[in-house]
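In what follows, a single structure is set out as structure tokens and then discussed.
Numbers restart at 1 for each chain; the letters A, B, ... are given by sequence-line order, proteins then strands. Hydrogens, waters and symmetry mates are skipped; everything else that's a heavy atom, side chains included, is used.
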Number of protein chains: 2
Amino acid sequence: MIDDMDRDTGEACMRHLTAFCPTYHRAIELIGRRWTGAILRAMLSGEARFSEIAAAVPGLSDRLLSERLKELEAEGIVRRTVVPSTPVRVDYALTDMGLALNEVIVAVSHWAEHWLAPTDERANLPKR
Amino acid sequence: MIDDMDRDTGEACMRHLTAFCPTYHRAIELIGRRWTGAILRAMLSGEARFSEIAAAVPGLSDRLLSERLKELEAEGIVRRTVVPSTPVRVDYALTDMGLALNEVIVAVSHWAEHWLAPTDERANLPKR
DNA sequence: TCAAGTAGCTTACGATAAGTAATTTTCAGA
DNA sequence: TCTGAAAATTACTTATCGTAAGCTACTTGA
């Protein structure tokens, strides 16, 4: 269903902002999937193992982490390495493509700091 | 279920990248929802009316556009104005908070241009 | 004046994705 | 042999999405 947007004339929808850009769209739908942004941030901050990432992202289940890592690997953003030690270890690392997402994460962090900052009354809501 | 992340100690998870940052997390899950990134881009490029946005984002249905706009309005990113002309018009505009997302959209576009550009052989992959 | 059309939604419902929990596999160490 | 941890996977429930249709208020055109 997303198919009809994948024909990209190419080149910059960026030279001036067009209303719709297939390349941008693929990117935002990819990194915007649930949990993916949090996983990428954890990895950029240095987490490399399955259980480290899981521990760094509260609320994220094994099932979804596994699924998201597979997707990111398929996209070329993450590289999975099995270290044949005993016990076997699995390391996840960002590829260059993944590392380049740092700028996006920083831009989001920046916006979030400024506009969703915890001085926000939400932070003080009753909340169980 | 996202509740237990909302207790934000505040201040920058940004001074050095922490593995998890509740503020960042709210932001990325908010703007990363399906279609939201595309809607924001369309609005940043000037589209202001319901039908203009709908036309600018192929594949997006009225139902979801309506839902997303309501969410964005509730978050303070979009302002809805009913112009009492005949026929009544509804204009949507980005607030300052919404306009500030321009930097995020540009960062994503930039990354997308570089890493997902249409010359990419991925364009012909079977697709997930 | 009456049928058809447009903008901006809303409702209904089946399909897909996400959440929760339990289970699996492989090895190490006690 | 039993326990435990890591990295999944399977089974099942619930939430979100996609598709289609309907609705209301107004306009246009015949």
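Here the CD-NE2 distance, from B:Glu103 to A:His110, works out to 7.5 Å after rounding to the nearest 0.5 Å. Atom-to-atom distance recorded for B:Leu64:CG and B:Ile39:CD1 is 8.0 Å, nearest 0.5 angstrom.
Contact between the side-chain N/O atoms of A:Trp35 and the OP1/OP2 oxygens of C:dG19 is found at a separation under 4.0 Å.
Rounded to a whole Å, the CZ atom of B:Arg68 is 15 Å from the P atom of C:dC9. Put simply, CZ on A:Arg34 is 11 Å from C1' on D:dT14, counting in whole angstrom units. With rounding to whole Å, B:Arg33 atom CZ is found 10 Å from D:dC17 atom C1'. For the pair A:Glu67 CD and C:dT16 P, the computed distance is 15 Å after rounding to whole Å.
A side chain to side chain contact (heavy atoms under 4.5 Å, CB included) with B:Leu94 holds for exactly one of B:Leu72, B:Leu44, B:Asn102; it is B:Leu44.
Within the 3.5 Å criterion, the main-chain N or O of A:Thr18 finds a donor-acceptor partner in the side chain of B:Arg41. Proximity of a side-chain donor or acceptor of B:Thr36 to a complementary backbone N or O of B:Gly32 within less than 3.5 Å is not detected.
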Q) Could you run down nucleotides 3-9 of chain D 5' to 3' and tag each one B, S or - for protein heavy-atom contact under 4.0 Å? A) ---SSBB

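We find that A:Arg68 and A:Glu71 are joined by a salt bridge, their nearest charged nitrogen and carboxylate oxygen being less than 4.0 Å apart.
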